[in-house]
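To start, the structure itself, in structure tokens.
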Amino acid sequence: MSIVDLISDKQSTAFSFEVLPPLKGNSIEKVFNTIDKLREFDPKYINITSHRSEFVYKDMEGGLYKRISERTRPGTVAVAAAIQNKYQIPAVPHLICSGFTKSETEYALIDLNFLGIYDLLILRGDKAKHDNKFVPTPDGHTHAIDLQQQVNRFNEGYFLDGSKMSLMDTPFSYGVAGYPEKHDEAPNPESDL
């Protein structure tokens, strides 16, 4: 049953959780412990956030620094699979434009399809900490609608390169998010619309 159906079928207040993947090098047990404590609220689904890579500077010989891209919270797809497998609660991984190429997104969709995870939350994502404004990843998407179009094309049975795949039994279903009050980067509500 899709998340839309779960929400539509509920006649009373329903809960969902949003979890962060553990920091790189940490165990998923912290996530499981948190879910165990909150299971009594009978969540209908669990969102799993996604985080872009950030640049860090590593000391090199001779007093130089090297700029390295590092993801501190990897594993959105793996965490979603672990949660759905362990708890039999639908997992909703976030797919974001920020910090991901179109190819990385396609491989995430392939993996999610293999894992039987068909509900997504599609977002543009935040700007990098070191940038003044959002800068799209080279060969990535600029807006969530572009990411949405990639998911739609995948649902139609096409890879990025235009080659045809066997259609999936279950297409991806997704939600999107917006800023009803106005996006931070928009100068005014009219231009935001």
Side-chain angles (χ1 to χ4, degrees), residues 1-24 26-52 71-100 102-126 141 143-159 165-180:
M1 180 178 284
S2 75
I3 299 304
V4 172
D5 294 332
L6 288 172
I7 292 169
S8 296
D9 288 349
K10 198 67 183 152
Q11 299 301 316
S12 61
T13 301
F15 292 96
S16 67
F17 303 153
E18 182 171 284
V19 298
L20 294 121
L23 288 168
K24 184 170 80 175
N26 288 325
S27 167
I28 195 167
E29 289 306 315
K30 253 183 160 173
V31 173
F32 289 162
N33 290 338
T34 300
I35 292 171
D36 289 340
K37 291 175 189 169
L38 297 171
R39 288 264 331 257
E40 68 180 277
F41 295 103
D42 187 29
K44 298 303 162 208
Y45 59 94
I46 298 176
N47 281 294
I48 299 90
T49 65
S50 187
H51 298 266
R52 65 171 293 128
R71 192 165 309 215
T72 58
R73 291 187 186 274
T76 298
V77 170
V79 171
I83 288 170
Q84 192 161 292
N85 183 54
K86 179 175 175 94
Y87 295 101
Q88 304 303 305
I89 297 171
V92 181
H94 295 189
L95 285 186
I96 61 174
C97 302
S98 183
F100 293 87
K102 295 171 188 171
S103 291
E104 288 171 321
T105 298
E106 181 168 86
Y107 283 112
L109 292 170
I110 292 167
D111 288 345
L112 289 164
N113 180 52
F114 288 157
L115 294 164
I117 298 172
Y118 303 109
D119 292 295
L120 310 169
L121 184 60
I122 295 174
L123 307 161
R124 184 199 71 180
D126 297 328
H141 296 294
H143 302 286
I145 194 167
D146 304 322
L147 180 54
Q148 178 186 2
Q149 289 169 350
Q150 181 178 354
V151 173
N152 288 344
R153 192 80 173 129
F154 193 92
N155 279 345
E156 292 167 0
Y158 293 95
F159 291 111
M165 67 174 106
S166 299
L167 282 175
M168 302 171 290
D169 292 336
T170 306
F172 288 104
S173 176
Y174 54 80
V176 295
Y179 291 81

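Within the model, atoms CD of Gln150 and NE2 of His141 stand 3.5 Å from one another, a figure rounded to the nearest 0.5 Å. Asn47 CG to Leu121 CG: the interatomic distance, rounded to the nearest 0.5 Å, is 6.0 Å. How far CG of Asp146 is from NZ of Lys102: 7.5 Å, rounded to the nearest 0.5 Å. Rounding to the nearest 0.5 angstrom, the gap separating the CG atom in Leu23 from the NZ atom in Lys30 is 7.5 Å. Taking CG of Leu95 as the reference point, atom CD of Glu104 lies at 11.5 Å (rounded to 0.5 Å). Distance check: Asp42 CG to Thr13 OG1 gives 12.0 Å after rounding to the nearest 0.5 Å.
Residue Leu147 comes nearest to Leu123 through the heavy atom pair CD2-O, 3.8 Å, listed as atom of the first residue, atom of the second, then distance. Residues Pro43 and Ser16 share a closest heavy-atom pair of CB-CA, 4.4 Å. The two residues Cys97 and His143 come nearest to each other via the heavy atoms SG-O, 3.4 Å. Nearest heavy-atom pair, Ala91 versus Gln84, reported as atom, atom and distance to 0.1 Å: N-OE1, 2.9 Å.
Between Phe172 and Phe154, the ring planes lie tilted relative to each other; the angle falls in the 30° to 60° range.
With sequence neighbours excluded, no residue satisfies salt bridge (charged side-chain N to carboxylate O under 4.0 Å, His left out) with Glu18. With sequence neighbours left out, the salt bridge (charged side-chain N to carboxylate O under 4.0 Å, His left out) criterion links Asp169 to no other residue.
In this model, no donor atom of one side chain and acceptor atom of the other lie less than 3.5 Å apart for Tyr118 and Asn155.
Residue Tyr107 places its OH atom among 12 or fewer non-hydrogen atoms of other residues, nucleotides or ligands, all under 6.0 Å distant. The 12-atom threshold is exceeded at CD1 of Ile110, counting heavy atoms of other residues, nucleotides or ligands nearer than 6.0 Å.
Between Pro21 and Ile48 the shortest side-chain heavy-atom distance falls below 4.5 Å. Residues Pro93 and Leu120 are in side-chain contact: their nearest non-hydrogen atoms beyond the backbone lie under 4.5 Å apart. With a 4.5 Å cut-off on side-chain heavy atoms, Gln148 and Val151 do not count as touching. Using a 4.5 Å heavy-atom cutoff, the side chains of Val31 and Pro22 are in contact. Contact check for Leu38 versus Phe17: side-chain heavy atoms found under the 4.5 Å cut-off. Under the 4.5 Å side-chain criterion, counting only non-hydrogen atoms from C-beta, Asn85 is not in contact with Leu115.
Proximity of a side-chain donor or acceptor of Thr76 to a complementary backbone N or O of Thr49 within less than 3.5 Å is detected. When atom types are taken as modelled, the side chain of Asn113 and the backbone of Leu109 share no donor-acceptor pair closer than 3.5 angstrom. Side-chain atoms of Tyr87 come within 3.5 Å of backbone N or O of Phe32 as a donor-acceptor pair.
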